[in-house]
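Reviewing the structure listed below.
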Amino acid sequence: SYKYRNKNAGLFCNVCLCLPLCLRWEEEKCTDGSKWRFLEHKGPVFPPPYEPLPDRVRFYYDGKAMKLSPGAEEVATFYAKMLDHEYTTKDIFRKNFFKDWRKEMTSEEKSKITELKKCDFTEMHEYFKAQSEARKQMSKEEKQKIKEENERILQEYGYCVMDNHRERIGNFRIEPPGLFRGRGDHPKMGKLKRRIRPEDIIINCSKDSVHPKAPPGTRWKEVRHDNKVTWLVSWTENIQGSIKYIMLNPSSRIKGEKDWQKYETARRLKKIVERIRAQYREDWRSKEMRIRQRAVALYFIDKLALRAGNEKDEGETADTVGCCSLRVEHIRLHPQMDGQDYVVELDFPGKDSIRYYNKVSVEKRVFKNLQLFLENKQAKDDLFDRLNTSILNKHLQELMDGLTAKVFRTYNASITLQQQLKELTSCESKILSYNRANRAVAVLCNHQRAPPKTFEKSMHNLQTKIDEKKKQLSAAKKELKAAKADAKTLRDEKSKRAVETKKKAVQRISEQLMKLEVQATDREENKQIALGTSKLNYLDPRISVAWCKKLGVPIEKIYNKTQREKFAWAIDMTDEDFEF
DNA sequence: CTGATTAAGTCAGCTGGCTCTAC
DNA sequence: CGTAGAGCCAGCTGACTTAATCA
């Protein structure tokens, strides 16, 4: 892992304490954006080749068994595996799948198989279910063997050497072929994600390293030596035509330093945020429409932690929006609502098609501006027609070096955690306090999750436990009372001791009860909120580390193993006085 | 009580979605 | 100025771990 020494020095190697690269490079006048000097790795791991189905597992078309060619069969299995998923009920999914599947068929198959609804994949589906069942039923030894093999692959392909350090790679496995599962109403859902071949792969490593070998009989698309980027392997994916990468794990120096830098930028924003707020408030009255729009959008980004909202190509992606791409249909204005003035009601699909719904009271000037922006527009028109993310970020860049829309999200998330931790720490359980502070951030950032499938049941189980514990407590109290009465009449050592043990029992049970009740509260409040995302991506870990140290809470209560690895730099350097 | 089985809970990996900038 | 490339952010899921229950 890496140690954090001082804010100008980056991360030092924890083992050899060598100078961080940024400093070494500065000394050598290498401030040209290089990310590394030496990089060696073994290349990606490919998924296993397709194994044709045994003959007994049949596919039926129009009620008649039909043996498919290997190519068509493989694509059919992708669909068969998803049969009990909601996806397969969606028209777009079925249409896209069928179209791409037909491309893989022989001309004979193509002429026979003309309708998806006449296809029967159930035997294939059952076969895969049985397979996964069999995997679960494997003996201990077999499971152990698989585990060891995975470990061997991890050791060989899961690490690279970057500038004399062995670093963990994030995803060293190539994504297997399958059907594309977009999120929300994605126009491309169900399309075939094709198998990636070595000929599609670009390898990036240093010239003087041992280059990874392509599998026997194949060759890479290209081997390049670009130290201005951090990726090791890339390929172009066939659904959106975008590039996919293999990069390092978050515990690596290169990711850690970037993460740390992100929070330092957010802390710089903290110093001038009041000035920026004063300015955008001033800009609400600008003569120029574009400046008013910019100022109102920035207000939303700051107050509501909205994302920037880039334009997206219609028809290629799901219809989701962020701040700059909000449309008239996503906003409603209420001069008065629920006893509040100037209420803005926002309702739109955000990233991952997660719904953002919020009613917020705004200043009169914001409200009047919004009314103005909405004048003479249709539902599908842009709310901010004179603004986009590029204009907004250009403006922000002028206000502070490195300032972009997303910095506000990082800043507001982290500062909220810090404030909430200060306010909430008095309550009964420290961990509950922390989770509540974390939750406040998750709500701000709209990090939602589907309620866990087992939520109702587990809540019910917990309630049963609480009820039992309550009964236990009242029984214990009764016993204590009786013991006290005994002690009063008998006045001997034995009955005195009995009183003490009963007292202890009551105390122990009531503590257990309290713990259970805290757990229930925490779980209930967390039903639809995902804490992980903000914890991992928006909250300066030094705030949490300082809080733990100050209250004597072991860091393990807040961060699990992976999180501790990712935040090793913060855990190492932060003292209890750290202020974000 | 003890070890096995099962249920519940947690976490790491997966892969798609988005921001932002350099060309 | 538009677009491709790079890299950060996102929720879901299946595998693993831990706790509970059973024999």
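Lettering follows sequence order; numbering is per chain, from 1. The figures that follow rest on heavy atoms only: side chains count, while hydrogens, waters and symmetry mates do not.
Between A/E565 and A/K561, at least one side-chain N (NZ, or NE/NH1/NH2) sits under 4.0 Å from a carboxylate O, which counts as a salt bridge.
By the side chain to side chain contact (heavy atoms under 4.5 Å, CB included) test, A/Q420 pairs with A/T416, A/E423, A/L424, A/A437, A/A440, sequence neighbours left out. In terms of the side chain to side chain contact (heavy atoms under 4.5 Å, CB included) criterion, residue partners of A/E156 (sequence neighbours excluded) are, by chain and number, A/K42, A/R152. Annotation: ring pair (Phe, Tyr, Trp, His ring centres under 6.0 Å) contacts of A/H225 (sequence neighbours excluded): A/H211. With sequence neighbours excluded, no residue satisfies ring pair (Phe, Tyr, Trp, His ring centres under 6.0 Å) with A/F78. Every ring pair (Phe, Tyr, Trp, His ring centres under 6.0 Å) that A/H447 has, sequence neighbours left out, goes to A/Y538. Every residue meeting the side chain to side chain contact (heavy atoms under 4.5 Å, CB included) condition with A/K303, not counting sequence neighbours, appears here in chain and number order: A/Y299, A/V360. Legend: residues meeting ring pair (Phe, Tyr, Trp, His ring centres under 6.0 Å) with A/F172, ordered by chain and number and at least two apart, are absent.
Considering A/Y79, A/Y87, A/F180 as possible partners of A/F97, the one that fulfils the ring-ring contact (aromatic ring centres under 6.0 Å, His included) test is A/Y79.
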Under 3.5 Å, sequence neighbours excluded: what are the donor-acceptor pairs made by side chains of residues 316-325 of chain A?
| residue | atom | partner | partner atom | Å |
| --- | --- | --- | --- | --- |
| A/E316 | OE1 | A/K188 | NZ | 3.0 |
| A/T317 | OG1 | A/D313 | O | 3.2 |
| A/D319 | OD1 | A/R327 | NH1 | 3.1 |
| A/D319 | OD1 | A/R327 | NH2 | 3.4 |
| A/D319 | OD2 | A/R327 | NH2 | 2.7 |
| A/T320 | OG1 | A/K312 | NZ | 2.7 |
| A/S325 | OG | A/G322 | N | 2.9 |
| A/S325 | OG | A/G322 | O | 3.3 |

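For the residue pair A/N227/A/S206, the side-chain donor-acceptor check at 3.5 Å is not satisfied.
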**Request:** Dot-bracket notation for DNA chain B is requested: 5' to 3', Watson-Crick or G-U wobble pairs only, both distances under 3.5 Å, with ( ), [ ], | and . as defined.
**Result:** .||||||||||||||||||||||
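Rounded to a whole Å, the CG atom of A/N310 is 15 Å from the P atom of B/dA22. A/D313 has its CG atom 11 Å from the P atom of B/dC18, to the nearest Å. Whole-Å rounding puts the A/L326 CG to B/dC18 P distance at 13 Å.
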What N/O pairs connect the protein and nucleotides 11-15 of chain B at under 3.5 Å? Give each pair on its own line.
| residue | atom | partner | partner atom | Å |
| --- | --- | --- | --- | --- |
| B/dA12 | OP1 | A/T562 | OG1 | 2.4 |
| B/dA12 | OP2 | A/T562 | OG1 | 2.1 |
| B/dA12 | O5' | A/T562 | OG1 | 3.0 |
| B/dG13 | OP1 | A/R168 | NH2 | 3.2 |
| B/dC14 | OP2 | A/N171 | OD1 | 3.2 |

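Across all strands, A/G532 comes closer than 4.0 Å to no nucleic acid atom at all (heavy-atom distances).
For residues 400-418 of chain A, proximity to DNA chain B is found at A/T404, A/A405, A/K406, defined as any non-hydrogen atom under 4.0 angstrom from a strand atom.
For DNA chain C, the span of nucleotides reached by chain A at under 4.0 Å from its heavy atoms goes, 5' to 3', from C/dG5 to C/dA20.
The nearest heavy atom of DNA chain C to A/R224 and to A/A530 marks one nucleotide each, and the one closer to the 5' end goes with A/R224.
Stacking of A/R564 on the aromatic ring of A/Y559 is not recorded, the 6.0 Å distance cut-off and the 45° axial limit not both being met. For A/K81 and A/F128, the positive end sits near the middle of the six-membered ring, less than 6.0 Å away and at most 45° from its axis.
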